[in-house]
2 protein chains.
Amino acid sequence: MDRIQLQNSFEAYFNEWGYEIDWQRLTVPMDVHVIRKDDYLFQQGDMANRLYFLHSGLVRYVSVSDEGKEFTQTFAKSPRIIGSTKAMVTGDHVLFGIQALEDCMVSSYPWQVFYEQMRQDIGFLECYAKFLERIFITKEERENAFVKHSAERRYLDFCASYPELKNTIPQQQIASYIGITPVALSRIRQRLKLNHV
Amino acid sequence: MDRIQLQNSFEAYFNEWGYEIDWQRLTVPMDVHVIRKDDYLFQQGDMANRLYFLHSGLVRYVSVSDEGKEFTQTFAKSPRIIGSTKAMVTGDHVLFGIQALEDCMVSSYPWQVFYEQMRQDIGFLECYAKFLERIFITKEERENAFVKHSAERRYLDFCASYPELKNTIPQQQIASYIGITPVALSRIRQRLKLNHV
DNA sequence: TATAGGAATTAACCTAGGTTAATTCCTTCT
DNA sequence: AGAAGGAATTAACCTAGGTTAATTCCTATA
């Protein structure tokens, strides 16, 4: 994948929303990151005030508590924007790291400059709003699941939502996504097996 | 408060971001809702695909599980936009209700029509994006707190973030905001009292 | 094919917070 | 002032999930 291809795949992502965007405005150079499986794009606590775009591969957002416990906030599959909106727009340190679950190809732009150049383009703004709506809705739904559903129900929902991940990623990561330990997940799977099947 | 005043307070809210917005584009009539303390603007499961603006008063977003347990997702103080982004943009049923903690004055517009009229205005789009960034960041931070901090820590953080609510709303609601029962909150307060002070 | 190292399971035990219920404390209304 | 009804506290008990550790299972490499 050369730079032009990366640029095209990035632009194609926005075009999916069906708005005209004048990419000529964008003159800031893109950075390219190749991340090997298990490595991090950035670590919790880093500065990450860039717009990252995942061209290929799969990542998870992983947040670790003071006691060292890992929590997986999100799985993200290419092609899509990744990163921390908070860190990007506020310049704060990021509250989670992004780890590659497969080899990944990522490009990035410094957000401040990127936004300054693109904010005159109505198509871009509308896409950006659609993107924000989408990620917000995802969080609303996930908060809802955490608050209203048991760990068992969250596991079943995970299996339904991510059938392709269910068998390809380690169970520890599934456990940390639904907010329990691997031991607890194993117990739940055991219980499910005994009941039906 | 008459309609003109409501309209002005709504527009003033957007102007805080410092963008020029051409409100002349907006011709759809505003609805006005007066909600008495403890009553609901809408209930969980309702259709709520409108843009709601809280002109005066204080509300909470309350989500109830299948077992009937209440969870407070957010406290929102006027002036600000309230409602469910998910329900507004997708037309889905809303996952929580909005309850007035004081008498409230709310206005609303049907989102589809509102957005269709305003999406040509670059100032509006930029404000809308800023608004979405803000509510998303709030959720990122809250998710972080739930995942990484104990109930005790969440209580202390609540007291620091909402000093004015700490003594004006019932403790049950504080408990349901930090995700525990009133009994557990009482225990935590007891423990804190014994340790220091 | 053997083996080393991580992944998952299982079992025993522990703990934070949930549940129920009794008691006390406030308000508010008459 | 007295009564009624909700809010908070406290205590006794329960449970889902955490913790630790031993055991088994896999898969990758020699």
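So you know, we letter chains A, B, ... as the sequences are listed, proteins then strands, and number each from 1. Side-chain atoms are counted along with the backbone in the values below, which use heavy atoms only and exclude waters and symmetry mates.
Here the side chain of B:A151 is nearest to one of D:dG17, C:dT9, C:dG17, namely C:dG17.
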* **Contact letters for nucleotides 19-25 of chain D, in which S counts primed atoms plus P, OP1 and OP2 and B counts the base, heavy atoms under 4.0 Å** => BB-----
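Atom CG in A:N167 sits about 11 Å away from atom P in C:dA8, given to the nearest Å. What separates CD1 of B:I180 from C1' of D:dA16 is a distance of 17 Å, to the nearest Å. Between B:I174 atom CD1 and D:dT9 atom C1' there is a gap of 15 Å when expressed in whole angstrom units. Between the CZ atom of B:R191 and the P atom of C:dT15 there is a distance of 13 Å, rounded to whole Å. In this structure, A:F146 places its CZ atom 13 Å from C1' of D:dG17, rounding to the nearest Å. Look at CD on A:E67: it is 12 Å from C1' on D:dG18, rounded to the nearest Å. Regarding B:R189, its CZ atom lies at a distance of 19 Å from the C1' atom of C:dA16, rounded to whole Å. Rounded to whole angstrom, the span from the CD1 atom of A:I169 across to the C1' atom of C:dA8 amounts to 14 Å.
Where A:R154 and B:L185 each meet DNA chain D at their nearest nucleotide, the meeting point lying more 5' is that of B:L185.
In this structure the side chain of B:L101 reaches within 4.5 angstrom of the side chain of B:I169, judged on heavy atoms. Put simply, the side chain of A:E143 does not reach to within 4.5 Å of the side chain of B:E143, judged on heavy atoms.
Between the side chains of A:E133 and A:Y128, no donor N or O sits under 3.5 Å from an acceptor N or O. Between A:E11 and A:Q7, the side chains place a donor N or O and an acceptor N or O closer than 3.5 Å (distance only, hydrogens not considered).
Contacts between residues 59-66 of chain A and DNA chain D, counted as heavy-atom distances below 4.0 Å, involve no residue at all.
Atom NZ of residue B:K139 and atom CD1 of residue A:I135 lie 12.5 Å apart, to the nearest 0.5 angstrom.
In this structure, B:Y177 has its ring center closer than 6.0 angstrom to the ring center of B:F75. Taking the centre of each ring, B:F14 and B:Y19 stay at or above the 6.0 Å mark.
Every residue meeting the ring pair (Phe, Tyr, Trp, His ring centres under 6.0 Å) condition with B:Y52, not counting sequence neighbours, appears here in chain and number order: B:H33, B:F42. Applying the salt bridge (charged side-chain N to carboxylate O under 4.0 Å, His left out) rule to A:D39 yields no partners; only residues at least two apart in sequence or on another chain are considered. Residues passing the salt bridge (charged side-chain N to carboxylate O under 4.0 Å, His left out) test with B:R187, sequence neighbours excluded: none.
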Which atoms of nucleotides 4-7 of chain C (N or O only) lie under 3.5 Å from a protein N or O atom, and what are those distances?
unit_1 : atom_1 : unit_2 : atom_2 : d
C:dA7  : OP1    : A:Q172 : NE2    : 3.4
C:dA7  : OP2    : A:Q172 : NE2    : 3.1

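The side chain of A:Q190 contributes an N or O atom lying less than 4.0 Å from OP1 or OP2 of C:dT10.
When each of B:W23, B:F10, B:F53 is tested with B:Y109 by the rule ring pair (Phe, Tyr, Trp, His ring centres under 6.0 Å), just one qualifies, namely B:F10.
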